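Note sheet for the following structure.
Treat the numbers as computed from the prediction; the structure is a model and nothing was measured.
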Amino acid sequence: MSMACLELSKEVKLKEEDVECTKDGSVDLKGNAAIRETSGKWVAGFMILLNQALATLAFFGVGVNMVLFLTRVLKENNADAANSVSKWTGTVYICSLVGAFLSDSYWGRFKTCAIFQVIYVTGLSLLALASQLYLLKPKGCGNRTTLCGEHSTMEVGLFYVSVYMIALGYGGYQPNIATFGADQFDEQHPGEWSSKVAFFSYFYLFMNLGSLFSNTILDYFEDEGMWALGFWASAASAFAALILFLGGTARYRHFKSSGNPLSRFGQVLVAATKKGKVEAPENEDDFYQGEDDDDTTGGRKMLHTHGFKFLDRAAVVTSKELESQKQGDHNPWRLCPISQVEEVKCILRLLPIWLCTIIYSVVFTQMASLFVEQGDAMKTTIANFRIPAASMSTFDILSVAGVIFLNRRVLNPLVKRFKKCKDDDAGLTELQRMGIGLVIAVMAMLSSGIVECYRLKYASNDCKHCEGSSSLNIFWQVPQYAFIGASEVFMYVAQLEFFNAQAPDGLKSFGSALCMTSISLGNYVSSFLVSIVMKISATDNMPGWIPGNLNKGHLDRFYFLLAGLTLLDLVAYIACAKWYKNIKHSEKIQEHEEEDTCEV
């Protein structure tokens with residue numbers, strides 16, 4: 001037991017034999033070893049889950065209707081508004097890399113989350129204030145019938161400053177809060193490890209519950225022109241999230257930042273290049289291990305793995321380095337510990353898996369764009385009640401909640417029984433679940449294409465705006481939304497778990513940021529695909545597959561194209577997953593490797 005842990009135990013008046021510290025290296029706010037019973041676990045985890053739900057509610061309260069705000073209030077045309085929203089959404093996810101870098105390198109996750117949440121709340125408050133005082137003129141404008149007046153350059157500039165502050169705040173906070181929540185569970189403790197795995201499922205569930213409120217209640221108020229009320233509600237929700245987060249300060253477990261990873265990566269590449277003609281030894285013990293107190297990578301030391309052998313040269317001790325060591329001189333740009341080399345290898349192995357998730361994100365982004373346009377062209381009325389096409393995403397959220405429950409309570413126990421597993425976490429691996437997510441995504445696109453075929457069959461080609469021009473009921477879209485929700489659970493939840501478990505200790509936030517950048521690139525690739533498809537299909541006076549009047553196009557063919565691309569992506573993913581090698585730490589914590597725990 002560490003001296004820090006003993007000193008802290010005296011402060012809280014616990015007997016030495018009753019005190020147990022965490023074994024994963026986590027510390028409390030003062031830097032002392034964290035005591036298991038008085039820190040972290042589900043008390044801290046639940047506060048972070050509520051924080052995530054409230055912050056997500058605030059974000060989607062702005063994002064879900066931003067394109068309408070731009071067209072109705074700022075009077076941008078549809079193309080410019082869609083382009084502005086795409087740039088803003090991309091910025092949100094790019095900012096996640098900024099937040100992850102600052103967290104892993106300098107600030108730590110708690111400080112980074114707190115700072116970016118303050119920026120987030122400030123941006124939301126500024127947006128609400130600017131809308132109420134300057135943008136919503138004349139009063140009551142911004143609904144379906146009343147457009148707002150002209151705005152000065154300063155007023156429009158104030159709007160964009162506020163929304164990009166929101167993008168910076170939410171983007172920088174998002175990858176760190178997921179990892180910070182996982183930090184509250186000691187992965188070297190059997191009970192807490194299973195809780196850590198469960199945390200990611202609940203994290204995604206709470207995120208969806210927050211967006212559910214935004215997509216229903218706030219969406220209604222903003223659609224009716226009550227923009228200021230919706231934005232103030234978002235600001236209040238984000239402020240409540242910040243207060244809740246700060247309220248758990250004394251309970252949280254922390255990990256120290258590891259320094260700039262770019263310099264560590266550069267050292268390995270430079271050292272390996274300088275020793276291009278040096279042969280790497282066969283015996284793993286012959287590599288440079290570093291000093292006993294060396295904390296170069298900011299966490300547990302990683303063991304040597306085969307592959308990327310050219311990088312191993314960075315850890316080869318030559319006669320020149322041996323002489324320098326005798327003189328007490330060590331140049332990190334010529335000789336790196338094997339653990340530092342393995343950190344670079346680990347990231348290189350993660351990249352192919354990450355690249356295979358981008359096509360899935362292309363499928364996922366259709367839910368917020370083409371699914372809505374398709375729904376608008378269907379029968380959206382029941383009696384005198386009109387169902388907004390965007391509100392069909394409620395079935396996606398319900399599917400997420402249902403599949404999370406079925407996965408944890410039904411599917412995982414069945415898999416464990418079939419594989420004769422004894423470990424609590426030895427059900428489907430993260431890589432297996434991500435593969436299942438791609439299969440379900442193919443089913444979602446096939447379902448969407450079939451529905452579109454029948455929508456066209458019952459559609460009128462003579463309509464002008466084509467809203468509700470098909471007699472096919474909008475509830476025929478439920479299966480495709482349900483498939484997308486199910487695929488999210490298998491893909492995005494598994495992604496969070498996988499990148500958190502397989503990223504080096506000093507780059508955990510970067511692992512979570514990879515998930516967000518996958519969504520960002522999915523948006524860009526989707527836009528690129530639509531542009532290419534329209535350029536190719538809109539020839540010889542043909543309107544193309546996705547024209548303004550969907551009844552004259554073939555949206556079904558685009559859905560089938562995405563199904564085919566996802567199927568090809570699945571083949572590539574299976575190859576990458578078979579090639580992938582799990583991270584190996586010097587301590588026995590790798591309970592993910594199913595071949596060591598199960599009998600099939």
Does the ring center of [X] lie less than 6.0 Å from the ring center of [Y]?
X	Y	answer
Tyr360	Tyr492	yes
Phe110	Phe245	yes
Tyr173	Phe180	no
Trp354	Phe510	no
Trp42	Phe185	yes

Sequence neighbours excluded, the answer for salt bridge (charged side-chain N to carboxylate O under 4.0 Å, His left out) partners of Lys345 is Asp312, Glu342

Arg253: salt bridge (charged side-chain N to carboxylate O under 4.0 Å, His left out) partners, not counting sequence neighbours:
Glu192

Check: [Y] and [X] side chains under 4.5 Å, non-hydrogen atoms:
X	Y	value
Val92	Leu168	no
Ile35	Thr38	yes
Pro504	Leu507	yes

Asp186/Arg36 salt bridge by N-O under 4.0 Å criterion
yes

Do the charged groups of Asp183 and Lys196 touch, with an N to O distance under 4.0 Å?
no

Any residue meeting side-chain hydrogen bond (donor to acceptor under 3.5 Å, both in side chains) with [X], in chain and number order, not counting sequence neighbours:
X	answer
Tyr252	none
Thr56	Gln52
Tyr120	none

Give me the atom names and distance for the closest heavy-atom approach of [X] to [Y].
X	Y	result
Ala182	Phe199	N-CE2, 3.7 Å
Ser201	Glu497	OG-OE2, 4.2 Å
Phe200	Ala178	CE2-O, 4.2 Å
Leu57	Ser214	O-OG, 2.6 Å

Could you check whether the rings of His306 and His304 sit parallel, tilted or perpendicular, using 30° and 60° as the cut-offs?
perpendicular

Quickly, which of Thr122, Thr112, Asn51 forms a side-chain hydrogen bond (donor to acceptor under 3.5 Å, both in side chains) with Gln117? Name it, please.
Asn51

Tell me, which pairs form a salt bridge (Lys or Arg N to Asp or Glu O under 4.0 Å) where one or both residues lie in residues 229-244, sequence neighbours left out?
none

